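Let me begin by presenting the structure, written as structure tokens, before commenting on it.
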Amino acid sequence: SPIKRGSDAKLVIQTAPVANCSIKVTLPSGSVSGAQGLKGAKITDSNDYITWEWNIGGSTKPGTAIIDITCSKDEQTFLKTLQMEITSNS
């Protein structure tokens, strides 16, 4: 569902045990988000989940953001691309 500018976003994935994953969010403006919650790789928890939480800045341009997730395990790489609709906060 759409998310308003100025709100917190949360994405949870389930993947292979002990997978190492990273996320990149390309904003509607074309720039890559530098939000703190998106930085660095993460390893799955004991239930094979990874959670990312970050803030959608209040000045973010409304439109479609592209979320690229890359996970690696045992020399295999898995890629997934999602879309997130960002709306104005009015």
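Remember, predicted model here, so these are calculated numbers, not experimental data.
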Can you check whether W54 reaches Q36 side chain to side chain, under 4.5 Å on heavy atoms? no
Taking side chain as C-beta onward, heavy atoms only, is T87 less than 4.5 Å from P62? no
Rounded to the nearest 0.5 Å, what's the gap from [atom1] on [X] to [atom2] on [Y]? Could you check?
X   : Y   : atom1 : atom2 : value
L11 : E53 : CG    : CD    : 10.0 Å
I69 : K24 : CD1   : NZ    : 12.5 Å
F78 : T70 : CZ    : OG1   : 11.5 Å
I23 : L38 : CD1   : CG    : 5.5 Å

Just do the side chain to side chain contact (heavy atoms under 4.5 Å, CB included) check on K10 and T51 with the steps written out, would you? CA-CA 7 Å; K10 181 177 183 177; T51 302; 3.7 Å; yes
Taking atom types as modelled and ignoring hydrogens, do the side chains of D68 and T81 form a donor-acceptor contact shorter than 3.5 angstrom? yes
Can a side-chain donor-acceptor contact be found between Q83 and T64 if the only test is distance below 3.5 angstrom? no
Is the backbone of Y49 close enough, under 3.5 Å, to the side chain of N47 for a donor and an acceptor to pair up by distance? no
Give me each pair satisfying disulfide (SG to SG under 2.5 Å) with a member in residues 8-75, each pair once, sequence neighbours excluded. C21-C71
Does I56 belong to the same Ile/Leu/Val/Met/Phe/Trp/Tyr cluster as L82, with side-chain heavy atoms less than 4.5 Å apart forming each link? yes
